[in-house]
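Just dropping this structure here.
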Amino acid sequence: MLVLGIESSCDETGVALVDASGQGVPVLLSHALHSQIDMHQAYGGVVPELASRDHIRRVLPLIDEVLGQGQRSLDQVDVIAYTRGPGLAGALLVGAGVACSLAASLGKPVMGVHHLEGHLLSPFLSADPPAFSFVALLVSGGHTQLMRVDRVGNYELLGETIDDAAGEAFDKSAKLLGLPYPGGPHLAKLAQGGDAEAFKLPRPLLHSGDLDFSFSGLKTAVLTQAKKLGEPIGEKARADLAASTQAAIVEVLVKKSLKALEQTGLKRLVVAGGVGANALLREQLNAACKKKGIRVHYPELHLCTDNGAMIALAAGMRLQAGISEANSAYSFDVKPRWPLDMLAAQQ
Ligand code: KG4
Ligand code: ZN
């Protein structure tokens with residue numbers, strides 16, 4: 001069972017081929033990615049119309065590349081999967097349109113995949129794959145959620161951000177420090193030379209008793225500190241502020257993840273989404289979970305941010321679990337807003 005996956009929800013065009021024969025974890029045969037980061041950097045963030053146009057330019061050459069690398073031909077593909085949401089409507093429509101027209105021309109079924117389900121299952125492609133059940137910490141540019149996952153397709157929301165996402169907190173704070181888009185990795189790099197204790201920044205909702213997050217106040221606190229320091233901020237103070245910001249975000253993510261594990265009684269944590277690439281987050285989660293005998297699983301670093309492999313994987317795992325919505329109607333819609341815990345209700 002060969003699945004071709006296409007991701008185009010935001011600023012990365014990703015394509016991948018997985019073999020989902022049998023019941024083992026689908027095998028990644030090949031994948032290719034084109035990141036639009038350089039194109040959007042001049043604007044300080046993603047420009048949706050430019051993103052859609054670039055997906056159009058990239059997707060077919062990437063499909064050729066993936067088939068070539070995987071040494072398969074298009075007519076060997078059994079199912080074509082695409083990201084149906086959430087994401088930018090125009091960008092999603094490119095992947096959906098290409099997937100459905102390709103599938104129609106081949107007479108093969110298509111399947112719309114939830115982008116966050118892709119992120120959440122991506123650690124199954126790592127050298128240390130998880131087993132069900134687990135708590136998932138989903139930390140991307142648009143989402144911050146804690147989920148209980150008992151099997152493929154069954155996602156129970158335990159808590160989420162009530163305002164900004166963790167990635168957004170990284171990106172907005174980075175912008176205030178004059179760093180380029182997307183700020184997360186740049187802020188993490190700057191923080192390496194800084195003192196995380198230098199500035200006292202808020203840890204919103206840390207003791208709220210629930211599993212929700214709030215990051216918008218943090219960005220305001222960073223702005224206040226930056227204003228106090230005046231322009232231009234000295235190199236040492238900039239690094240200190242970056243380190244203090246990262247420490248605040250990471251502390252909240254670690255504490256709430258542990259609370260979710262405690263509440264559910266589960267002994268496994270899966271971390272997914274772009275912020276899951278953050279080294280301090282990995283270090284602190286590993287240390288805290290080790291103490292409590294909890295296993296932590298991450299995607300391979302290059303599969304933390306958006307990619308086609310996670311979309312092909314999620315489609316393959318759904319097909320194996322017998323809960324796929326693969327169809328040959330070829331009429332498509334996209335879902336720019338689509339809560340992950342609504343998936344189960346649709347089966
Ligand atoms: O999952 P993703 O690629 O896209 C969405 O679905 O949103 O996540 C992108 C987010 C951005 O906010 C980016 O700044 C953040 O992940 N990110 C990081 C790191 N690498 C990516 N944040 C902190 N540290 C990193 N190393
Ligand atoms: Zn994503």
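Just follow the structure's listing: the first ligand is 1, and inside any ligand the first atom is 1. These numbers were taken from a predicted model, which means no experiment stands behind them. All residue numbers in this chain count up from 1 along the given sequence.
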query = Polar-atom distance check: F170 versus ligand 1, any N or O pair below 3.5 Å?
reply = no
ask   = Starting from atom 24 (N) of ligand 1, which protein heavy atom do you reach first, and at what distance in Å?
value = N278 ND2, 3.0 Å
note = Among S140, A165, G184, G274, the residue with a heavy atom nearest to atom 20 (N) of ligand 1 is G274
query = Any nitrogen or oxygen of P182, main chain or side chain, under 3.5 Å from a nitrogen or oxygen of ligand 1?
reply = no
query = Taking it one step at a time, do K335 and D333 satisfy salt bridge (charged side-chain N to carboxylate O under 4.0 Å, His left out)?
reply = CA-CA 7 Å; K335 290 175 169 274; D333 62 355; 5.4 Å; no
request  = State whether the side chain of D171 and the backbone N or O of G184 hold a donor-acceptor pair below 3.5 Å, judged by distance alone.
outcome  = yes
note = For S216, the side-chain hydrogen bond (donor to acceptor under 3.5 Å, both in side chains) test, sequence neighbours excluded, returns D163
task = For C10 and ligand 1, answer yes if some heavy atom of the residue is under 4.0 Å from a ligand atom, otherwise no.
result = no
query = With a 4.5 Å heavy-atom cut-off, do V135 and I294 have their side chains touching?
reply = no
inquiry  = What protein heavy atom lies closest to atom 4 (O) of ligand 1? Include the residue and the distance to one decimal.
reply    = D306 OD1, 3.3 Å
note = Atoms of ligand 1 under 4.0 Å from any heavy atom of T305, numbered from 1 in the order shown, are 3 (O)
message = Do Y155 and V149 make a side-chain contact, defined as non-hydrogen atoms from C-beta onward lying under 4.5 Å apart?
response = yes
key: G167 N/O to ligand 1 N/O under 3.5 Å   = yes
ask   = Does ligand 1 have a heavy atom under 4.0 Å from the side chain of H115, from its backbone, from both, or from neither?
value = side chain
query = Would you call R238 and E235 a salt bridge, taking side-chain N to carboxylate O under 4.0 Å as the test?
reply = yes
inquiry  = Looking only at side-chain N and O atoms, does T13 offer a donor or acceptor that is under 3.5 Å from a partner on H55?
reply    = yes
ask   = Yes or no on side-chain contact (heavy atoms from CB on, under 4.5 Å) for I63 and L60, after CA distance, side-chain angles and deciding distance?
value = CA-CA 5 Å; I63 292 174; L60 292 177; 4.2 Å; yes
inquiry  = Counting only nitrogen or oxygen atoms and a 3.5 angstrom limit, does G183 reach ligand 1?
reply    = no
inquiry  = Apply side-chain hydrogen bond (donor to acceptor under 3.5 Å, both in side chains) to residues H143 and E160 and explain how you reach the verdict.
reply    = CA-CA 8 Å; H143 295 84; E160 65 181 332; over 6 Å; no
message = Students often mix this up, so state it plainly: with edges at 30° and 60°, are the rings of F132 and F134 parallel, tilted or perpendicular?
response = parallel
key: Which residue and heavy atom of the protein sit nearest atom 7 (O) of ligand 1, plus the separation   = G141 N, 2.7 Å
query = Is any NZ, NE, NH1 or NH2 atom of the basic residue among D210 and K256 found under 4.0 Å from an Asp or Glu carboxylate oxygen of the other?
reply = yes
task = Return a yes/no value for D171: is any of its N or O atoms, backbone included, closer than 3.5 angstrom to an N or O of ligand 1?
result = yes
query = How about the Zn ion (ligand 2), which protein N, O or S atoms come within less than 2.8 Å?
reply = H115 NE2, H119 NE2, D306 OD1
request  = For the residue pair L125 and P299, establish whether any side-chain heavy-atom pair is separated by less than 4.5 Å.
outcome  = no
request  = Could you tell me whether H119 and ligand 1 have an N or O pair separated by under 3.5 Å?
outcome  = yes
note = In ligand 1, the atoms that come under 4.0 Å of a heavy atom of G142 are 7 (O)
query = If we only count heavy atoms from C-beta on, is the H302 to N307 side-chain gap below 4.5 Å?
reply = no
